[in-house]
Amino acid sequence: MKREIVRVEGLKKSIHGSQVLNGLNLSVYEGEILGMTGLSGSGKSMVAQILAGSRGFEEGEIYIEGRRSEGGRKPGRPGNGIYHIRAVPDLFPCLTIEENVCLMEPGSGVGVFPARMQLRKVREAAHALGILLDTRASVNSLSLYEKHQVSLLRAFYLHARLVIVDNITNDYTEEEFRHLGKLLLGLKKKGVSILLIESMPELVTSFTDRLVVLRNGRDEGILFREEYGQYDINKMMSGDYHLPKAVGRVAVSREQEILMEVCRIHGRGLQGLSFHLNKGEVVGFTDEEDPLCTSILQLFLGDARPEAGVVVLEGEPVNIRMGRESLIELGFGYVDFYKSSVFPQLSFKDNLTITSLNRLTSRTMIHTRLEKRVVEDLLKALDFPSENIKRPLSEVSKREQLVAALYKWILNRSKVVVLNNVLSGTDMIMRNIVGQFLNELRRRKAGALLFSPNTQELYELCDRVYKVRAGRVEDEIVVGSGEGSR
């Protein structure tokens with residue numbers, strides 16, 4: 001699964017009473033170049049400053065590699081691997097390139113500076129990125145683009161996880177911008193994540209994987225690279241366009257049959273965990289100490305080894321220790337980050353039916369006509385185009401990939417679907433697809449367990465949310481019925 005380097009949830013920031021950021025949500029993944037654009041005053045530079053730690057914020061949460069940022073709401077410190085590169089380079093002009101690169105390394109003030117080992121490592125790092133500068137040259141003699149190269153080299157040398165490139169290209173030539181793109185792609189190949197902030201969409205779309213459009217301090221839209229041409233980004237920046245409305249939850253009857261019961265589970269972070277899941281219901285979990293409720297998630301992934309307790313599915317005990325493949329046969333389904341939940345080399349059709357082939361097989365052979373009809377019927381019900389049915393999933397849109405990751409469990413007739421941080425990195429249309437899927441589970445009297453570090457997502461999508469503390473359920477909230485309703 002693609003790992004999140006930084007996740008921002010509901011970020012709010014005001015200056016002198018004026019709202020600069022108003023509920024911003026953002027994810028940056030390992031080894032990706034995320035673009036960010038917006039009109040002047042949309043909050044781009046404020047995002048960079050907050051992530052870099054030079055500004056605080058009033059509301060929201062920031063997670064760095066899964067851990068909530070503490071320390072005065074200023075997440076960005078060199079120890080966290082976040083580096084902010086501004087238009088005016090943060091370099092000492094009187095020092096050489098080597099000295100500037102090594103200066104921030106821990107222990108640099110002891111003994112000979114720079115040490116022979118440091119000099120060798122700087123030259124190796126420059127060679128790895130294709131930087132041809134003479135590292136012994138004075139920074140004072142360099143052009144603006146060359147100084148930015150030094151800043152990027154220093155970030156790489158210091159093992160940066162995220163590099164924020166903040167509107168540095170205003171005075172670049174076209175050739176220098178092309179070279180910058182090549183350098184950033186080189187950093188991406190080395191596993192470094194990039195947040196590229198630019199005011200001009202034509203620049204920020206040149207070599208980014210995804211694009212976040214800011215407007216009035218909010219994430220107005222998140223586009224994937226293949227979607228750039230489908231939208232007028234300038235209109236999104238100004239608000240002259242329409243996003244689809246969010247899909248509402250299908251109403252759930254309060255008188256329901258129990259689908260699954262979890263009784264007094266102990267072991268590996270669980271201390272008497274007990275809860276139930278009704279038929280046609282979506283249930284979420286929240287824990288102040290562990291936003292993703294990792295111990296509960298691992299239990300249903302088949303990765304935990306509980307010491308005591310029982311899980312009962314439709315009246316039958318389940319050996320929760322048997323592993324994911326066996327649990328799938330019993331009626332569990334699993335959706336992680338959608339890209340890791342599909343097989344990109346297989347066709348859209350094969351991805352949809354791969355978990356339900358036993359239902360489409362007779363005399364040890366797959367009934368291909370039935371398989372095709374089942375998929376076409378599903379796509380028709382979703383009002384989804386079927387012309388891509390035979391294409392490899394790597395060649396279709398991200399939205400179709402998400403449909404395959406979700407709806408294969410509908411075709412499999414899964415009873416309980418476990419969704420792990422499934423909305424991460426999605427746009428409004430993709431969020432609607434998830435909402436439609438959950439409604440389809442409700443209609444079929446199946447159930448879902450939703451895990452997300454974003455509490456707002458839980459309350460938007462779930463029918464009930466369990467508050468967990470110290471490995472056991474502390475409270476139960478029926479969504480829409482008021483805090484603490486039981």
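Heavy-atom basis, side chains included; hydrogens, waters and symmetry copies ignored. Residue numbers count from 1 along this sequence.
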Discussion item. Less than 4.5 Å apart, side chain to side chain, heavy atoms only: is that true for R442 and F437?
Written reply: no
Discussion item. Has R218 got a side-chain atom pairing as donor or acceptor with N22's backbone, closer than 3.5 angstrom?
Written reply: yes
Worksheet item: When you measure from the side chain of Y466 to the backbone N and O of H276, does any donor-acceptor pair fall under 3.5 Å?
Response: yes
Worksheet item: Can you find a side-chain donor-acceptor pair between S27 and E4 that sits under 3.5 Å?
Response: yes
Worksheet item: For the residue pair V283 and C462, what are the closest heavy atoms and their distance?
Response: C-SG, 3.8 Å
Fill in: Smallest separation among heavy atoms of S295 and L270, with atom names
CB-CD2, 3.7 Å
Fill in: Gap between atom CG of D463 and atom CG of L450 - 0.5 Å precision
10.5 Å
Practice prompt. Test side-chain hydrogen bond (donor to acceptor under 3.5 Å, both in side chains) on T208 and Y228 and set out the steps.
Written response: CA-CA 10 Å; T208 51; Y228 290 170; 2.9 Å; yes
Fill in: Under-4.0 Å salt bridge between D219 and R431
no
Worksheet entry | Test item: S274 side-chain N/O and R264 main-chain N/O as donor-acceptor pair under 3.5 Å | yes
Fill in: E457 and S452 side chains, donor-acceptor separation under 3.5 Å
yes
Discussion item. Please check: side-chain N/O of N25 versus main-chain N/O of G10, any donor-acceptor pairing under 3.5 Å?
Written reply: yes
Response to the item:
Closest non-hydrogen contact found for P306 with I320 is CG-CG2, 3.5 Å
Worksheet entry | D303/R324 ion pair, N-O < 4.0 Å | no
Worksheet item: Any side-chain donor-acceptor pair under 3.5 Å between Y334 and S414?
Response: no
Item to complete: For the pair I222 and R210, evaluate side chain to side chain contact (heavy atoms under 4.5 Å, CB included) and give the outcome as yes or no after the intermediate values.
Response: CA-CA 7 Å; I222 301 173; R210 291 186 299 135; 3.7 Å; yes
Item to complete: Give a yes or no on whether the backbone of V28 and the side-chain of S193 come within a donor-acceptor separation of less than 3.5 Å.
Response: no
Worksheet entry | Donor-acceptor under 3.5 Å (S42 side chain, G217 main chain) | no
Practice prompt. With the side chain counted from C-beta on, respond yes when I477 and R464 share a heavy-atom pair under 4.5 Å apart, and no when they do not.
Written response: no
Worksheet item: Do E476 and K467 sit within salt-bridge range, that is, some charged N less than 4.0 Å from a carboxylate O?
Response: no
Worksheet item: Within the side chain of K415, is there an N or O that forms a donor-acceptor pair under 3.5 Å with the backbone of L313?
Response: no
Worksheet item: So do the side chains of F300 and V262 get within less than 4.5 Å of each other, counting heavy atoms only?
Response: yes
Item to complete: Would you indicate whether Q345, at its atom CD, is surrounded by more than 12 heavy atoms from other residues, nucleotides or ligands within a distance under 6.0 Å?
Response: yes
Worksheet item: Going by an N to O cut-off under 4.0 Å, is there a salt bridge joining K188 and E32?
Response: no
Worksheet item: Closest heavy-atom contact between L211 and M36?
Response: CD1-N, 3.9 Å
Worksheet entry | E65 with R161: basic N within carboxylate O range, under 4.0 Å | yes
Discussion item. Is it the case that atom CZ in R469 sees more than 12 heavy atoms from other parts of the structure closer than 6.0 Å?
Written reply: no
Worksheet entry | Short side-chain to backbone donor-acceptor contact, E281 and N278, under 3.5 Å | yes
Worksheet item: Of all heavy-atom pairs between L196 and V204, which one has the smallest distance, and what is that distance?
Response: O-CG2, 3.4 Å
Item to complete: Keeping the roles fixed (side chain from T37, backbone from E198), state whether a donor-acceptor pair exists under 3.5 Å.
Response: yes
Fill in: Validation row: I265, L299 side chains within 4.5 angstrom (heavy atoms)
yes
Worksheet item: Where do L223 and I233 land on the side chain to side chain contact (heavy atoms under 4.5 Å, CB included) test, with the steps shown first?
Response: CA-CA 9 Å; L223 304 180; I233 296 170; 4.1 Å; yes
Worksheet item: Would a 4.5 Å heavy-atom cut-off, applied to side chains only, mark R268 and Q298 as touching?
Response: yes
Worksheet entry | F285 ring center near F275 ring center (under 6.0 Å) | yes
Worksheet item: What are the two closest non-hydrogen atoms of L441 and A448, and how far apart are they?
Response: CD1-CB, 3.9 Å
Fill in: Close side-chain approach of F207 to L184, heavy-atom, < 4.5 Å
yes
Discussion item. Using only atom types and a distance under 3.5 Å, with no angle test, would you say the side chain of Y83 pairs donor to acceptor with the backbone of V165?
Written reply: no
